[in-house]
Structures are given as structure tokens and as C-alpha cells.
Amino acid sequence: MAMRESIREILARPEAGGEVSVQGWVRTARHGKKVSFLEVNDGSSLSGVQVVVGPECPGFDTEVRGLGTGCAVEAMGKLVESPGQGQIYEVHAQTVEKIGGVEEGYPLQKKRHSFEFLRTIAHLRPRTNTIGAVLRVRDSASRAIHDFFHERGFVQLHAPLITLSDAEGAGQMFRVTHLDPSDVPKDESGETDWSQDFFGDSAFLSVSGQLEAEIGAMALSRVYTFGPTFRAENSNTARHLAEFWMVEPEVAFCDLSELADLAQAFLQSVFVRVREECEEDLAFFDQRIDDSVLSTLANVTEEPFEKITYTQAVEILEGAQRDFEFPIGWGTDLQSEHERFLTEEYFRRPVIVTDYPKGIKAFYMYLNDDDRTVGAMDVLVPRIGEIIGGSQREHRLSRLQGRIADHGLSEEDYWWYLDLRRYGSVPHAGFGLGFERLVQFITGMANIRDVIPFPRVPGSAEF
RNA sequence: UCCCCGGUAGCUCAGCUGGUAGAGCAGGCGGCUGUUAACCGCCUUGUCGUAGGUUCGAGUCCUACCCGGGGAGCCA
């Protein structure tokens with residue numbers, strides 16, 4: 001098919017004049033006796049184009065005057081400078097065709113809707129200003145991520161979605177099975193016999209591509225994954241999804257300090273790109289959603305992130321003139337309120353916290369020389385909290401075996417992961433970025449369910 | 001999963017200490033205008049989340065459940 005000029009492209013023309021064809025959906029229509037104004041949007045930009053229709057247009061008194069919010073139309077006419085306010089150009093229509101009408105009861109109105117309501121009509125909400133802008137920013141950020149890594153010699157590794165291991169032992173997993181729920185095979189002890197299942201073993205949806213990314217890094221040096229991830233946690237918050245997209249770079253010959261530098265460069269690069277590509281959308285978010293969006297983005301791209309150790313973070317929190325709901329002490333994990341204090345009040349910018357106590361972190365993290373802390377790293381940002389979690393990996397076989405034992409895990413389940421330490425093991429590190437949290441941070445959207453087109457959360461997966 | 005708040009017209013919401021449901025917007029009709037969340041007039045719309053209970057009487061009080069929101073935990 002011939003690609004028609006989008007409204008974004010029409011509006012970007014250097015000057016008026018010439019014929020244009022506009023295809024899109026009517027956002028609002030204002031009908032007069034001698035003239036109708038149709039604001040048409042095709043999703044290519046936040047702005048639509050105003051189509052002006054006069055009585056000389058065929059069907060003016062019949063079809064055109066019946067056009068309302070939501071109708072799909074195709075208009076052809078001349079692009080002229082607009083005498084009215086609010087737009088540079090407008091289209092003086094020679095013909096207007098109704099492609100798709102709107103039945104009574106179209107739920108989207110030309111007024112503000114609550115995001116809660118829009119979630120109940122997720123099949124229509126991309127047609128709103130806010131969700132449309134979110135989806136464009138999401139796309140821009142996604143491409144910026146791929147470009148960042150490719151510019152630095154990373155290879156994208158497609159990690160599997162189905163896995164037998166429960167990766168980091170982190171969280172509940174969704175089971176993947178081919179067994180008939182009403183006729184499950186049992187073994188001698190009466191337990192489900194998973195050996196008869198599709199994969200010959202108990203299988204799950206992946207909660208992380210990290211372990212597979214480590215395989216890739218041990219061959220290709222620099223890899224990243226970018227794909228959906230699944231957590232069956234019964235989490236009901238504005239920053240958790242059961243299905244979300246995660247970016248996981250993994251780098252060979254890399255220590256924690258280099259990883260932290262990578263994380264900062266990565267985030268700043270993405271922010272810069274989205275600022276360039278989505279100027280209009282970001283201005284909209286700043287104006288209508290959160291008036292700190294533009295200033296925050298400017299701030300985080302120009303200033304280096306704060307970098308402190310967990311121990312230093314605890315000292316700051318202990319010295320804070322502040323009553324925390326949860327007491328702070330070395331050895332316990334930082335609570336949301338502690339993270340927010342550090343990034344929103346104390347430093348007022350992104351903070352990278354490193355070297356956490358080994359007791360509160362995963363088995364695969366590098367054991368530091370102090371024998372008390374591991375090479376873990378969290379990147380905290382204002383309003384969102386943890387946006388990145390990563391670590392230098394334990395690449396020394398005996399240490400890793402010790403950590404597996406300490407965590408009550410079985411070496412058999414990680415035989416290939418241990419093999420990586422037997423054959424040409426090198427220091428390596430990687431992190432995971434919650435893509436939706438990144439989009440939340442950029443747009444100022446308060447609820448993670450509104451930055452993914454089709455949110456999956458406990459009790460809800462309709463669309 | 002825990003704590004708190006809420007569920008009234010298609011949407012946003014009002015309805016005080018129990019007395020039998022309203023506004024704006026949307027929709028329909030008409031008018032007017034180079035309009036821009038256009039404007040003006042008239043009209044339509046409800047098992048007041050569900051199921052019980054208290055009461056002469058429940059949108060309003062009580063119980064349970066369902067759904068939504070905010071916060072917490074878990075994390076990205």
C-alpha cells in the first residue's frame with residue numbers, strides 16, 4: 001500500500017499550499033450553519049489537524065453535519081494557513097468521506113476521563129491524548145534502548161519465556177503446563193508427575209532472562225535482553241504488573257563500578273533521545289499530568305547520579321531528623337520510605353546504592369572481600385523508587401557453590417550455571433531495568449497500568 | 001496478602017443527622033457562530049456494586065461478598 005502522509009508530517013511541512021489527504025478519527029466536531037470544523041487525529045502526533053468544511057462540500061448538509069466524536073473519516077483538500085488560533089495549518093476540504101460511523105454509546109467524550117475508567121475500556125483508550133502520548137513515548141524509549149546498546153557493541157539475546165528453573169528464586173511464578181487439569185497424572189507418592197508434562201519437567205514463565213544472558217555474555221561479551229517477564233506475585237500497587245517488559249544487559253569483564261557507569265549512561269541516553277523525539281508529548285505531560293516532568297528530565301540528563309554504598313545510606317538515614325515508620329539498621333533492606341527519602345529529599349536526584357549486606361540479596365551476587373556485603377546495585381529515582389536492580393555476578397566457582405548452599409538451593413538445579421564458572425569464567429555484571437517504570441518516570445504517570453497498552457494484574461487480563 | 005477510602009444516569013459528581021434521586025457533560029431536536037473542551041433553548045436517561053439484615057420507611061444504618069483507588073510488603 002502507498003504510505004499516505006501522516007498528520008504529524010502534514011503539520012511539519014515548511015509552508016502551506018498543495019493538496020493533502022487526511023485519514024483519522026474525529027476528536028471533536030463543531031457544526032455551524034455554513035461551516036463545520038472537524039478536529040481529526042490519526043495518532044501520529046498529539047496534535048490533530050483542523051478540517052474546515054463548507055456547504056460546497058458534497059454531503060455537507062447530510063453526512064458531514066452528522067459527524068461526531070469518534071467517527072473515522074477521510075478528507076481531501078487544500079492545506080492553508082489557519083486564520084484561527086490554536087493551529088498553524090488547517091485543511092479546507094473538497095471532499096469528506098465517513099469511513100466508519102459511531103454508534104450511540106461511544107464512551108470517549110471530549111472531556112477528561114479518569115484513568116480508572118479508561119482501564120475498563122482499554123480497547124479504546126489509546127485514542128485519548130494521554131494514552132496516545134504514553135504509547136508514543138514508550139515506542140521512542142524502546143528504540144532508544146536498542147540503539148544505545150547497539151552503538152556500544154551489544155548483541156541482543158532472545159531469552160526464553162518458558163523456563164524450568166525458578167531463576168533467582170525470586171517470587172511466585174506462573175506455571176506452564178500441558179496437562180489436563182481434571183486428569184493430572186500422579187506418581188507413586190500421590191504427587192503430580194511432572195515428568196509426563198510437555199517439557200518432561202515442571203515448567204514456568206520466566207521471571208528473568210538474567211541467567212541466560214550470562215550464558216550469552218560468556219560468549220559474546222556484551223549482550224542484552226528486552227522482553228516480557230512474568231511475576232505471579234499478588235502485588236496490588238501502582239508500580240507492579242504481572243506481565244512487564246524488562247531490559248537486562250550483561251557484560252563480561254565488568255565490575256560493579258563499571259556497571260554503575262553503564263546504568264547512568266544508559267538512562268541518560270534514553271532520556272535525551274525521548275526529549276528530542278517526543279517534545280510535544282512531554283510538554284503535554286508537564287502541563288497536564290505532572291508539572292515536574294520537564295525539569296526532572298533536564299536535571300537527570302545534565303547532572304551525574306549520586307553514588308553511595310548501602311552502609312553510607314544507612315548512616316544518612318540514621319542521622320536524618322525524621323521519624324520513619326520502619327526503623328533503619330545495618331542488615332535490613334531499605335524500605336520504600338527510606339529510598340524515597342534518599343532520592344526525593346536528601347539528594348533530589350537519582351541515587352545508585354551499592355554493596356548491600358549479603359543476607360538480603362540473591363545467591364548469585366559477588367561476595368565482597370569484607371565477607372559481609374555483595375556487589376549489588378540499585379538505581380533509585382524520585383517518585384518511582386527502584387528502577388534498576390543489578391549486580392556483579394559471583395564468577396568464582398567455590399564461592400558460588402557456598403552461596404547456593406547458604407540459600408538452601410540445590411547445585412543440581414544450577415548445573416549449567418555452575419559450568420559457566422568451570423570453563424573460562426570471568427568477572428561479569430548486569431542489571432535489570434523495569435521498562436514500564438522507566439516510562440512512568442519519563443511521563444510522570446502515577447500508575448504503571450497506564451503506561452502499558454494491556455496491563456496484566458491480579459484479577460484482570462481482559463484486553 | 002494486610003491497612004485505609006470508595007462504588008449513585010453513558011461519563012464526572014452532589015445527595016446533611018434514615019422520609020422514596022439531582023446537576024454538569026455526553027446523546028436527541030432546534031437555533032446561532034471562523035469555531036477550537038464553542039455557545040443558547042428544549043427533551044431523554046437510573047434494579048443508588050451484589051446478597052442479606054435493622055426499620056413503618058434504607059442511596060443513607062449493620063453484616064458478608066464483589067469490584068475500583070491509595071498506602072504497605074514483594075520487587076523491576
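We name chains A, B, ... by the order of the sequence lines, and we start the count at 1 in each one.
- Here the side chain of A:Asn41 pairs no donor or acceptor atom with the backbone of A:Arg27 at under 3.5 angstrom.
- Going from atom NZ of A:Lys34 over to atom P of B:C32 covers 10 Å, rounded to whole Å.
- Counting non-hydrogen atoms under 4.0 angstrom, A:Thr28 reaches the backbone sugars and phosphates but no base.
- We find that CZ of A:Arg27 is positioned 18 Å from C1' of B:A38, with the value rounded to whole Å.
- Within 4.0 Å (heavy atoms only), A:Arg449 reaches sugar-phosphate atoms of the nucleic acid but no base atom.
- In summary, the side chains of A:Thr309 and A:Asp355 do not present any donor paired with an acceptor at a separation below 3.5 Å, with no hydrogens or angles considered.
- Distance, A:His31 NE2 to B:U36 P: 14 Å, rounded to whole Å.
- Ranked by how close their nearest RNA chain B nucleotide is to the 5' end, A:Ala242 and A:Ser336 are led by A:Ser336.
- A:Leu438 comes within 4.0 angstrom of no nucleic acid atom, judged by non-hydrogen atoms across all strands.
- Residue-nucleotide stacking is present for A:Phe244 and B:A76, judged by a side-chain ring centre under 5.5 Å from the six-membered base ring centre and planes under 30° apart.
- Between the side chains of A:Glu9 and A:Ser44, no donor N or O sits under 3.5 Å from an acceptor N or O.
- The pair A:Lys358-A:Asp406 does not meet the salt-bridge criterion, since no charged nitrogen lies less than 4.0 angstrom from a carboxylate oxygen.
- Distance, A:Asn447 CG to B:G69 P: 7 Å, rounded to whole Å.
- Taking atom CZ of residue A:Phe37 and atom P of nucleotide B:U36, one finds them 9 Å apart after rounding to whole Å.
- When each of A:Ala238 and A:Val35 is assigned the nucleotide of RNA chain B with its nearest heavy atom, A:Val35 is the one assigned upstream, toward the 5' end.
- Summarising the geometry, the separation between CZ on A:Phe117 and P on B:U8 is reported as 12 Å, rounded to the nearest angstrom.
- We find that CD of A:Glu339 is positioned 11 Å from P of B:A76, with the value rounded to whole Å.
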